Number of protein chains: 2
Amino acid sequence: MAKAILNVVRPEEADTQSGAARVFTAFRDWLLSGELKAGDRLLAERELANVLGVSRPVLREALRSLAMLGLLDIQHGRGAYVRAADASVLGQALTLCLAPEPNILDDVLQARIAIECQAIRLACERVSERDLQALAGMLDTLVDSLDDPKTGGRADYAFHLAIVKASGSSALSKMYEAISPLLMRSHVERRRDTFREPAITSHLVDAHRAVFLSLVQRDPDAAEARLREHFKIGDELRRNNLITNYQNEASRT
Amino acid sequence: MAKAILNVVRPEEADTQSGAARVFTAFRDWLLSGELKAGDRLLAERELANVLGVSRPVLREALRSLAMLGLLDIQHGRGAYVRAADASVLGQALTLCLAPEPNILDDVLQARIAIECQAIRLACERVSERDLQALAGMLDTLVDSLDDPKTGGRADYAFHLAIVKASGSSALSKMYEAISPLLMRSHVERRRDTFREPAITSHLVDAHRAVFLSLVQRDPDAAEARLREHFKIGDELRRNNLITNYQNEASRT
DNA sequence: GTCTGTCCGTGGTCTGACCACTAGCAGGAC
DNA sequence: GTCCTGCTAGTGGTCAGACCACGGACAGAC
């Protein structure tokens with residue numbers, strides 16, 4: 001009886017798409033248009049199926065798909081709630097897209113540089129006093145945690161993320177968060193062996209300070225240049241360190 | 001009987017996740033690990049359900065979810081095939097993530113600048129003769145199609161995409177393709193009213209030529225600078241044009 | 001007032017059946 | 001011999017109804 005509802009919603013696609021896909025598309029568009037907001041509670045499955053004019057299995061297939069995407073939070077015994085789409089969805093999609101590619105880790109690093117360099121330019125225009133104070137605090141944390149690879153890594157990431165957020169661009173922020181799981185994979189691998197090297201730790205502090213100062217001075221060109229330098233030198237130091245380690249290994253055997 | 005299979009696959013999650021989610025995760029990981037490759041044909045639903053030890057509805061919920069994500073191609077009467085994850089998934093995820101944000105269009109433009117500026121730096125190192133010839137061809141197309149907003153827009157996009165691809169970084173390429181649908185939305189809006197302005201069209205040609213030349217000379221700093229200039233001037237021209245249009249409108253009424 | 005058990009509404013799962021589509025094959029018409 | 005037609009087996013698509021498992025609210029016992 002109520003089958004008409006979905007046909008009304010998308011008359012042009014009603015013929016080509018089958019049940020579950022139709023329901024899924026409808027929900028996606030309701031989310032996109034803001035008709036459904038985060039926190040909203042959906043009707044019970046049985047009722048919703050009736051209203052939409054489909055059977056419960058079909059409805060469930062659509063709801064599950066949305067849940068897998070992270071758009072819905074379905075709780076056993078309680079109901080289904082609309083969830084704000086966060087970057088984890090993006091991250092998973094990115095991981096899936098990039099999975100078959102070779103050298104993803106280096107490649108993701110390029111994406112990181114891209115996002116951060118643009119973000120810091122914007123941040124130079126838009127950063128607030130509050131942001132700067134927060135960044136200064138992170139810089140302190142970073143210096144304090146130099147000898148702990150785990151805390152240090154987190155502080156490092158937090159500092160860079162804060163810069164991206166200070167850009168005020170949610171697109172850049174979301175994309176940065178999306179690549180962060182992949183970034184971490186390469187990050188921890190690299191930091192594990194290098195955190196004790198004085199050359200690296202001292203560079204770490206200097207570089208972050210320099211970037212921060214450029215941000216305080218709101219000088220986009222300098223900020224980007226210093227950030228690029230930071231990435232470049234960091235990369236070289238790690239590479240040299242790997243060579244040294246390798247040579248030590250070789251001479252020992 | 002065969003229920004053990006999935007428990008073996010993910011013993012740690014078997015208790016916390018329920019049927020469909022377990023199957024979904026298993027498939028996702030098979031895809032990530034390469035155990036399932038693009039083009040592979042899945043078993044029939046009834047059979048697969050038996051093998052995995054779940055009922056058909058549960059299996060279907062998982063398969064549908066994968067299909068909605070674009071990872072599976074389910075064809076009525078033929079079967080289910082593994083599909084290579086393309087950027088469209090990413091694009092959809094990004095659109096969903098950014099939907100509630102204000103100023104997405106301007107924001108996405110920032111992401112575009114970020115990706116292209118880094119891409120062209122890489123491209124300066126990695127671009128091949130073949131790529132350069134292709135780019136030269138695109139430049140000609142672009143000049144020839146200045147008077148047609150539709151073809152012109154496509155040529156413009158093709159040129160920029162080609163630069164990103166020339167970076168050799170699939171992460172950058174995929175992300176660029178992911179934002180392109182959103183990019184298009186702002187692009188066509190802007191190009192619609194501006195393609196007839198001589199100041200804009202002449203800038204368009206000069207800027208693209210300058211970027212291309214820097215690429216030929218493999219000068220990353222110059223290439224990025226010219227690209228940034230292109231974006232900046234383009235933005236200003238469009239803005240001025242909007243003001244002029246607005247004033248014309250105003251004086252007419 | 002607090003604890004506890006029951007009940008109701010919710011999602012989770014299953015079974016078995018039927019429909020719709022595709023492709024391949026066999027049989028007939030030419 | 002070739003082409004067309006219709007059947008058939010296998011596949012996904014949908015459905016109805018039932019039962020289980022979980023969560024919360026309410027009423028009763030202490």
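In what follows, chains are A, B, ... by sequence order, proteins preceding strands, each numbered from 1. Predicted model, so just to flag it, every value in this text is computed and none were measured.
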- prompt: Tell me: CD of E45(A) to P of dA21(D), nearest whole Å?
  reply: 17 Å

- prompt: Step by step, would you call H160(A) with R112(A) a side chain to side chain contact (heavy atoms under 4.5 Å, CB included)?
  reply: CA-CA 10 Å; H160(A) 286 277; R112(A) 180 226 182 142; 3.3 Å; yes

Please write out the pairs of protein N or O atoms and N or O atoms of nucleotides 19-25 of chain C separated by less than 3.5 Å, giving the distance to one decimal.
| unit_1 | atom_1 | unit_2 | atom_2 | d |
| --- | --- | --- | --- | --- |
| dA20(C) | N3 | H76(B) | NE2 | 2.9 |
| dA23(C) | OP1 | R78(B) | NE | 3.4 |

field: Spacing between D73(A) atom CG and dC22(D) atom P, to the nearest angstrom
entry: 17 Å

Separation of atom CG in L43(A) from atom P in dT10(C), rounded to whole Å: 9 Å

message: Please pick, from dT10(C), dG12(D), dT11(D), the nucleotide with the shortest atom-to-atom distance to any side-chain atom of R41(A).
response: dT10(C)

message: Using the rule given for side chain to side chain contact (heavy atoms under 4.5 Å, CB included), can you reason through V89(A) versus Q92(A), listing the C-alpha separation, both sets of side-chain angles and the distance that settles it, and then say yes or no?
response: CA-CA 5 Å; V89(A) 194; Q92(A) 283 196 27; 6.0 Å; no

message: When the axes are fitted on five pairs at both termini, how much does the helix from dG1(C)-dC30(D) to dC30(C)-dG1(D) curve, in 10° steps?
response: 10°

Distance in angstrom units between L72(B) CG and dG12(D) P, rounded: 10 Å

- prompt: Taking C-beta and beyond as the side chain, do R64(B) and F24(A) meet within less than 4.5 Å on heavy atoms?
  reply: no

query: Quick one: R56(A) CZ to dG9(C) P, roughly how many Å, whole number?
result: 15 Å

query: Starting at the 5' end of DNA chain C, which residue's closest nucleotide do you reach first, P57(A) or G79(A)?
result: G79(A)

task: Test E177(B) against K165(B) for salt bridge (Lys or Arg N to Asp or Glu O under 4.0 Å), laying out the working first.
output: CA-CA 10 Å; E177(B) 287 175 59; K165(B) 294 241 175 198; 3.1 Å; yes

- prompt: Does CZ in R41(A) sit with more than 12 non-hydrogen atoms of other residues, nucleotides or ligands closer than 6.0 Å?
  reply: yes

- request: Grab the CD-C1' distance between E61(B) and dT13(C) for me, whole Å please.
  value: 9 Å

field: Geometric class of the H208(B)/F159(B) ring pair [parallel <30°, tilted 30-60°, perpendicular >60°]
entry: perpendicular

query: In whole Å, what is the span from the CZ atom of R22(A) to the P atom of dG13(D)?
result: 13 Å

field: Residue pair K37(A) / V82(A), side-chain heavy-atom distance below 4.5 Å
entry: no

- prompt: Between I74(A) (CD1) and dT13(C) (C1'), how many Å, whole number?
  reply: 14 Å

- request: Nearest-nucleotide wise, let me know which of A44(B) and S55(A) is further upstream toward the 5' end of DNA chain D.
  value: A44(B)

- prompt: Do you see a donor-acceptor pair shorter than 3.5 Å between the side chains of T141(A) and D144(A)?
  reply: no

message: Between Y81(B) and Q75(B), is there a side-chain donor-acceptor contact under 3.5 Å, judged purely by atom types and distance?
response: no

